[in-house]
Amino acid sequence: MGPQHPSTHGVLRLVLKLNGENVLEVVPHLGYVHRGLEKVAENQTYLQNIHLTDRLDYLSSHINNLGYCMAMEQALEIGVPERGEYIRVMLSELQRIQSHLLWWGVSGMDLGAVTTFLYGFKERELITDIFEELCGARLTMNFFRPGGSFADVPDTFIGRVKNVIEVMKPALDEYNRLLSGNIIFLERTRNIGILSRENALSYGCSGAVLRASGVSYDVRKNDCYSIYDRFEFDVPTRTTGDCFDRYSLKMEEMAQSLRILEQAVQSFPEGPHRSKEKAAYKLPKGSYYSQVETARGLLGTYIVAEGGAKPYRVKFRSPSFSNLSILNELSVGHKIADIVTILATLDFVVPDLDR
Amino acid sequence: RLEADKDKEQEAPRLRFKEENPDYKPAKAVRAKKEKFEEVEYRPHITSGIDNKTIFEVIKAKFPQVSVFRQPDISPEKLETLGKEYILDIVVSQEDYAPLISFIKEEKSLGLDLLLHLSAIDWEDHIDVIVHFLSTGDNNKLFIRCSLDRKAPAIETISTIYKGAEWHEREVYDLFGVHFSNHPDLRRIFLNDDFPGYPLRKDFDDPQRVVKRPY
Amino acid sequence: MNTLPTDSLYPVHNAIGNMVRAFFPESALVINSLLTIISLLLLVALLPVFLIWLERKVAAHFQARLGPMRVGYHGLLQSTADGLKLMFKEILKPEGADTFVFFLAPILPASATFLVMTILPFDHPLQVADPAGGVIYVIGISGLSILGILLAGWASNNKYSLLGAMRSGAQMVSFEISLALIMLVIVMVTGTASLREIVLSQQGTVIDWWIFKLPVLGIIGFLMYMISSTAELNRAPFDISEAESELTGGFATEYSGISFAMFFFAEFVNMFVSAGLAATFFLGGFLAPQFGIAVLDPLLNLIPGFIWFFAKTFFVIFLYMWFRWTFPRLRVDQLMYLEWKMLLPANLLLLMLAGIFMAMGWIL
């Protein structure tokens with residue numbers, strides 16, 4: 001299955017070893033989108049690197065920015081005001097919903113129900129419009145800075161977020177009615193690609209893949225960052241670890257994100273959106289690590305600083321990289337069409353893979 | 001020249017505008033107010049979980065030669081002085097590397113079951129292989145380092161202990177040139193097989209590929 | 001309305017036919033036959049143009065978008081434009097391909113469809129031929145399209161085309177069996193295999209249509225017919241061979257230009273034919289729905305029969321399109337499982353129950 005392919009989410013090459021219709025081995029070949037972001041980051045100042053993190057996993061660019069800014073704040077001990085924190089949480093959750101909507105649409109399309117692609121994008125446009133009004137970009141936002149965000153949210157922001165919440169709730173019901181109960185869909189996804197708990201932990205999976213196998217680990221709950229400890233939300237888990245579990249988990253995650261958004265909108269404070277800017281961001285000597293929960297899983301940003309204006313080494317621990325390494329293990333014994341299903345539910349984005 | 005053309009074109013309309021609106025005065029340019037922000041107190045990010053002292057004691061009991069990175073003589077009690085957010089960063093020698101990691105995997109009291117990643121840092125005279133662990137039950141993290149000789153960096157693989165390390169080690173081999181012995185499938189993962197050199201090393205200065213900035 | 005002469009094997013007894021018979025009494029048969037064939041060819045040529053436009057519009061409106069809007073009023077000329085483009089494309093032939101078979105293969109599905117269309121009852125006098133074993137004729141000719149697909153896959157000299165063709169062939173052959181059994185149910189309750197007689201046996205009110213006349217089995221039979229014919233047409237949710245993008249384009253990979261267009265058009269006309277057969281068997285063919293309301297029925301009868309036939313056929317086509325854009329796809333082995341382990345026993349059960357219902361006189 002070559003690099004240009006309607007079913008792989010990006011440019012990924014899979015070499016399959018088949019016996020008729022059954023898969024014996026899958027060897028993924030990565031590197032088609034390798035831009036060497038880690039090397040580029042060594043040549044740019046700290047603030048310039050924020051725009052690099054956008055392009056890691058472009059479907060969760062706000063959350064990637066957040067991870068990097070948190071590492072910088074940890075180093076320079078910069079605080080974030082209340083409104084800044086609320087903006088961060090709300091934008092992260094909006095980004096998560098947007099990414100899951102795209103994932104849902106593309107999953108349906110991979111499995112043959114092409115209409116889901118357009119239905120998912122219909123609601124996604126609402127959120128993308130919010131982002132466009134906010135920072136002018138629909139995909140790579142570059143909005144957060146250490147200490148808060150780059151600009152304040154416009155006056156229409158809260159109104160639009162409320163509209164999104166109102167529209168999404170019945171829309172989620174509609175999506176569940178369309179796919180989740182459909183017998184064909186269930187037949188295609190049940191008992192396909194079962195991931196055991198030990199394998200999930202050993203391979204380093206995170207996000208929905210890990211939670212579907214029974215491990216309840218969500219960075220927002222377990223390793224609480226920003227002000228997530230003030231919001232009430234559940235972290236759903238499943239036990240079997242097959243494709244349908246991952247799918248239903250992500251649908252529930254969307255509902256939980258809506259819950260967080262509702263609570264945040266109710267208590268959105270006034271105030272400054274960022275703390276005092278520094279003249280130059282020179283991180284002191286040492287190494288700093290921060291974790292965030294992107295729509296794909298656990299993104300870790302590890303900065304090794306040597307006191308200059310540029311970092312010495314930046315390492316992005318990307319969730320898709322670890323999630324994809326289980327592909328061979330999951331797809332052995334299934335048919336070719338099941339690989340498409342497994343790829344869809346693993347929910348990876350190839351630039352995140354290749355960095 | 002384009003400006004001159006435009007002036008010529010616009011001369012008549014501009015004259016007409018002046019005649020029609022004799023009282024028009026252009027607005028004064030105002031400088032945009034630069035916003036002033038307050039300093040905000042930093043809230044340290046404290047993770048729950050087993051504290052560093054316990055982890056260090058457990059590991060030091062089995063492997064006495066390990067030490068904390070850049071704090072060679074620190075004792076377990078003094079680890080709190082390193083900061084509330086400090087994640088334990090242990091340096092281990094090459095011989096103890098694999099035994100330590102299998103110890104970490106098996107030791108249930110530490111609970112470190114998820115391999116976050118395995119990467120490398122190129123200091124000018126040696127290469128450090130770093131391994132990061134996470135505990136999904138207890139939410140604590142542990143970082144392990146091992147120094148390797150720069151000319152022929154080679155170390156044991158841990159893909160038999162943590163299976164996810166397979167791809168991470170391939171990435172380190174691809175970008176740094178560290179050779180992992182007993183690795184099931186050690187080949188380049190991102191770059192094509194005949195790529196010259198190892199990009200993330202500090203002495204990789206191919207002018208076509210690396211853009212050096214003047215600042 | 002059953003006042004037709006007994007030589008109703010070629011019942012072209014409408015105004016034009018009678019006029020020709022008046023002017024050319026000796027060669028009337030030949031001229032009438034030529035006229036019918038030409039008009040049918042025109043229909044077969046124009047139908048895919050319209051149907052492709054309809055498919056794109058229906059798909060678009062399901063997906064909350066508009067579809068082709070620019071070429072002609074609301075995109076009506078879009079498929080004409082596409083057809084013209086396809087005609088001007090270069091006709092490639094791969095190197096190792098068997099020339100005769102390669103160019104024969106697209107003709108077979110198209111001709112099979114055309115042949116079945118000749119016996120579709122469009123209206124009382126508008127049926128080209130009405131053999132007494134019409135149903136058996138239909139089942140027999142459908143095999144020709146399967147042959148076309150298999151030959152296309154073989155002659156392409158491409159292992160992926162061959163795999164795709166084998167898959168489609170297996171799928172179509174399996175679901176033919178289900179189709180035949182359902183048609184057999186209808187033949188059994190009707191007592192005749194001639195398509196016109198089947199339509200005429202549904203005279204009366206709406207309740208007399210076979211979908212309602214057989215108490216519960218009619219609806220079940222209709223549903224099974226829909227499933228089997230969707231699979232027979234290689235349409236979603238059973239389109240594993242054409243839309244599954246892992247094996248390139250399936251059996252028609254190596255075709256381009258007009259040969260590809262023929263496959264494409266044959267599929268759409270086949271859809272029309274299947275829908276027409278569904279209308280004939282279950283929905284009353286060209287009969288107007290009579291509700292037993294005194295004022296309404298004569299008005300409904302005024303509308304000519306072929307309008308009703310087309311209306312019912314397009315309703316069934318709309319159902320086909322609705323299925324395509326709603327459901328995800330079935331895997332190949334799940335498809336085969338559906339046919340052999342679920343549909344076939346169900347069809348046999350249906351047959352048995354229909355026989356019992358007939359014997360007990362439970363037909364309404």
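Computed from a predicted model, the values in this text were never measured in an experiment. Lettering follows sequence order; numbering is per chain, from 1.
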Considering only heavy atoms, which portion of A:Leu178 lies under 4.5 Å from any heavy atom of chain C: side chain, backbone, both, or neither? side chain
Measure A:Tyr119 against the heavy atoms of chain C and call it side chain, backbone, both or neither at under 4.5 Å. side chain
Has [X] got more than 12 heavy atoms of other residues, nucleotides or ligands less than 6.0 Å from its [atom1]?
X        : atom1 : answer
C:Trp53  : CH2   : yes
C:Met69  : CE    : yes
C:Phe318 : CZ    : yes
C:Phe264 : CZ    : no

Heavy atoms, side chains only, cut-off 4.5 Å: are A:Glu187 and C:Arg331 in contact? no
Are the side chains of A:Lys122 and C:Gln63 in contact, using a 4.5 Å heavy-atom criterion? no
Taking atom [atom1] of [X] and atom [atom2] of [Y], what is their separation to the nearest 0.5 Å?
X        : Y        : atom1 : atom2 : result
A:Thr115 : C:Trp322 : OG1   : CH2   : 12.0 Å
A:Thr116 : C:Trp325 : OG1   : CH2   : 11.0 Å
A:Asp338 : C:Asp333 : CG    : CG    : 7.5 Å

Testing the basics here: between C:Arg329 and A:Asp110, what is the closest heavy-atom pair and its distance to 0.1 Å? NH1-O, 4.0 Å
